[in-house]
Amino acid sequence: MATNNKYDRQLRLWGAEGQANLANAHVALIGASATGSELLKNVVLPGIGKFTIYDNKKISQVDVENNFFVRKDDLVKDRAQIVCELVSCLNPEVKG
């Protein structure tokens, strides 16, 4: 099964039940800063079920310089939306 191969390392750590619990979890990120985006990446890659980003800021030059998940072309766009789109590409099975 493809999912078992994708998550093989963590299945060895916490087993199928732990992976199922992770897949059923929903994480809320308050602020899509560089640190928040990295934390979100670290739960999306192992297969968290769903995430929601709460952030009303627009992307600034500081974000472009510090946040791996935003680009210069994203300046003044909604930070939550851009980070959601880019982090979602890391694991299409996760809903954001």
Around Asn42, counting heavy atoms of other residues, nucleotides and ligands shown, do more than 12 lie under 6.0 Å from its CG? yes
What's the separation between atom CG in Asp55 and atom CD1 in Ile82, rounded to the nearest 0.5 Å? 12.0 Å
What are the two closest non-hydrogen atoms of Leu22 and Trp14, and how far apart are they? CD2-CZ2, 4.1 Å
Taking all heavy atoms of Arg79 and all of Ile59, pick out the closest pair and write down the distance. CA-CG1, 3.7 Å
Would you say Lys50 and Asn24 are linked by a side-chain donor-acceptor pair, where the criterion is simply a distance under 3.5 Å? no
Arg71 and its side-chain contact (heavy atoms from CB on, under 4.5 Å) partner, picked from Asp63, Val64, Leu86: Leu86
How many angstroms lie between atom NZ of Lys6 and atom CD of Glu93, to the nearest 0.5 angstrom? 4.0 Å
Please table the atom pairs, donor to acceptor, closer than 3.5 Å between any side-chain atom in residues 27-41 and protein atoms at least two apart or in another chain.
residue	atom	partner	partner atom	Å
Ser33	OG	Gly36	N	3.2
Ser37	OG	Ala32	O	3.4
Ser37	OG	Ser33	O	2.8
Ser37	OG	Asn67	ND2	3.1
Glu38	OE1	Lys41	NZ	3.0

Minimum heavy-atom distance Tyr7-Pro46, with the two atoms named: CE2-O, 3.3 Å
So does Glu17 have more than 12 non-hydrogen atoms from other groups sitting under 6.0 Å from CD? no
Under 3.5 Å, is there a donor-acceptor pair between the side chain of Asn91 and the main chain of Val44? yes
Sorted by chain and residue number, the side chain to side chain contact (heavy atoms under 4.5 Å, CB included) partners of Asp78 (sequence neighbours excluded) come out as Lys58, Ala80, Gln81
State the CD-CZ distance between Gln19 and Arg12, to the nearest 0.5 angstrom. 12.5 Å
